[in-house]
Amino acid sequence: MGDPEQGRFGEFGGMFVPETLVPACQQLDAAFREAWIDPAFRAELTDLLNNYAGRPSALTECSNLSEELGCRVLLKREDLNHTGSHKINNVLGQALLARRMGKTSLVAETGAGQHGVATATAAALFDMDCVVYMGAVDIERQKLNVFRMQLLGTEVRSAESGSRTLKDAVNEAMRHWVAVVETTHYCLGSVMGPHPYPWMVREFHRVIGDEARQQCAAVLDGGIPDVVAACVGGGSNAAGIFAGFADSDARLVGVEPAGGAAVGRAVPGIVHGSHSYLMQDEWGQVLEAESISAGLDYPGIGPEHAHLAATGRADYIPVTDAEVVDAFQLLSRTEGIIPALESAHVIAWLSKARHELKGQTVLVNLSGRGDKDVAQMMDILK
Ligand SMILES: *Cc1c(COP(=O)(O)O)cnc(C)c1O
């Protein structure tokens with residue numbers, strides 16, 4: 001029923017790109033396939049993850065929040081990674097692969113700026129040139145991250161087409177890549193796009209799920225949690241933690257913003273190189289996603305999640321911005337952990353579903369920290 005290594009997740013996935021990019025995707029597929037089974041590549045990546053990014057990330061038992069909600073909450077602490085989220089796992093993997101392929105430059109897209117900052121960080125570390133495309137609207141909203149990227153030596157270019165947000169930045173980054181594909185690797189930020197990206201990016205994030213599985217076994221006497229939950233934008237942090245529990249009985253839950261519920265609306269279509277679910281109008285034009293957290297403002301979802309939803313292996317549940325604002329404060333107040341607004345979506349679902357979850361053990365992927373969001377929250381709460 002579809003082979004992820006061939007770019008197929010059931011009926012979803014594929015490689016729908018302009019002809020000029022087909023050889024580049026095929027070359028990347030071959031390079032990743034070879035690197036991923038090479039012990040030297042794996043050892044170098046593990047060394048970077050441990051000694052540069054700060055892995056393994058902690059598993060935190062939340063006694064206060066558990067008492068308040070009536071279910072046992074365990075947090076996988078991706079917020080503690082260098083640059084503040086899970087994104088560094090994927091970026092270090094891709095930068096290492098780019099260098100192995102002899103590429104000297106990186107290009108990337110970014111929405112809120114988190115993936116752009118992570119890519120700029122890897123480019124600085126590996127002494128590579130880096131261009132990041134960002135929607136003009138997002139550049140205005142996320143000035144601090146623009147300056148961070150510039151500090152790290154990256155050129156930030158404004159995407160001026162369409163709605164001038166993330167989907168337009170992806171279009172511009174792909175257009176750039178076509179022109180300079182000989183020297184440049186496209187460092188895509190989630191489990192989306194053409195093959196091999198959805199598969200490759202999941203594999204680079206699998207470390208989250210593998211660590212969590214072991215850490216849970218230690219805490220739960222060899223057991224597994226009843227539920228594994230993560231927020232879903234493109235779906236990379238969710239894919240990473242789900243990968244560690246795919247073969248278990250754990251219920252998998254992805255939490256979407258109500259204003260960007262690509263799975264909730266379940267309309268199949270092709271966007272940015274793969275066949276998946278996306279928000280579109282009756283003419284098939286891609287709709288704008290809208291959410292309190294810029295990091296979840298993506299109108300589509302990775303093909304693996306479309307497949308998990310279609311087959312019923314995972315549930316995808318929307319929460320509203322107002323519920324997220326409450327959850328942001330709830331975790332801060334009860335556990336002393338200020339979450340990223342994206343990650344607060346999962347806490348919002350826990351809070352809303354507390355009756356259904358009574359007595360269960362829930363593993364939450366805390367995808368990022370909230371430093372980037374405190375100014376926005378200050379405006380909302382004043
Ligand atoms: C980018 C981001 C997300 C959304 O991306 P996914 O690919 O869905 O994981 C979620 N949380 C944080 C903290 C992010 O920076």
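No hydrogens, no waters, no symmetry mates; every other heavy atom, side chains included, goes into these values. Whatever order the structure lists them in is the order used to number ligands and atoms, beginning at 1.
- Of all atoms in ligand 1, numbered sequentially from 1 with element shown, those under 4.0 Å from a heavy atom of Gly368 are 13 (C).
- Polar contact with ligand 1: absent for Lys372 (N/O pair, distance under 3.5 Å).
- Not a single heavy atom of His115 sits under 4.0 Å from any atom of ligand 1.
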Determine, step by step, whether Glu182 and Lys103 satisfy the salt bridge (charged side-chain N to carboxylate O under 4.0 Å, His left out) criterion, reporting the C-alpha distance in whole Å, the side-chain angles of both residues, the deciding distance to 0.1 Å, and the verdict.
-> CA-CA 7 Å; Glu182 294 298 320; Lys103 311 263 171 162; over 6 Å; no

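- Taking every heavy atom of Ala340 and a limit of under 4.0 angstrom, the matching atoms of ligand 1 come to 13 (C).
- Any N or O atom pair closer than 3.5 Å counts here, and Gly235 shares at least one such pair with ligand 1.
- Taking distance alone, with nitrogen or oxygen atoms compared against 3.5 Å, Gly234 approaches ligand 1 more closely than that limit.
- Ligand-side atoms of ligand 1 in range of Ser236: 6 (P), 7 (O), 8 (O), 9 (O), range being under 4.0 angstrom from any heavy atom.
- Note: an N/O pair closer than 3.5 Å links His86 and ligand 1 by distance alone.
- Considering every non-hydrogen atom in both Ser163 and Val137, the closest pair reads O-CG2, 3.8 Å.
- Judged by distance alone, the side chains of His86 and Asp79 never bring a donor and an acceptor atom under 3.5 Å apart.
- The only option from His185, Gln94, Glu44 that meets the side-chain hydrogen bond (donor to acceptor under 3.5 Å, both in side chains) definition with Arg99 turns out to be Glu44.
- Atoms CZ and CD, on Arg202 and Glu304 in that order, are 4.5 Å from each other to the nearest 0.5 Å.
- Glu78 does not count as a contact of ligand 1, since none of its heavy atoms falls under 4.0 Å from the ligand.
- Counting protein heavy atoms only, atom 4 (C) of ligand 1 is closest to Gly295 O, 3.4 Å.
- There is no side-chain donor-acceptor pair under 3.5 Å between Ser291 and Asp321.
- The protein non-hydrogen atom at the shortest distance from atom 12 (C) of ligand 1 is Ser367 OG, 3.5 Å.
- For Leu296, every heavy-atom contact with ligand 1 shorter than 4.0 Å involves the side chain, none the backbone.
- Closest to atom 9 (O) of ligand 1 by heavy atom, among Thr110, Asn81, Asn237, is Asn237.
- Shown in contact with Gln114 at under 4.0 Å from a heavy atom are these atoms of ligand 1, numbered in order with element: 15 (O).
- The protein atom (non-hydrogen) at minimum distance from atom 3 (C) of ligand 1 is Lys87 NZ, 3.6 Å.
- Residue-ligand proximity, Gly233 to ligand 1, at heavy-atom distances under 4.0 Å covers atoms 8 (O).
- A side chain to side chain contact (heavy atoms under 4.5 Å, CB included) with Met134 is found for exactly one of Arg157, Met149, Arg164, namely Met149.
- Side-chain atoms of Arg77 and Ser57 form no donor-acceptor pair, as typed in the model, at a separation below 3.5 Å.
- Here the CZ atom belonging to Phe32 is positioned 9.5 Å from the NE2 atom belonging to His195, to the nearest 0.5 angstrom.
- A donor atom on one side chain and an acceptor atom on the other are not found under 3.5 Å apart for Ser367 and Glu78.
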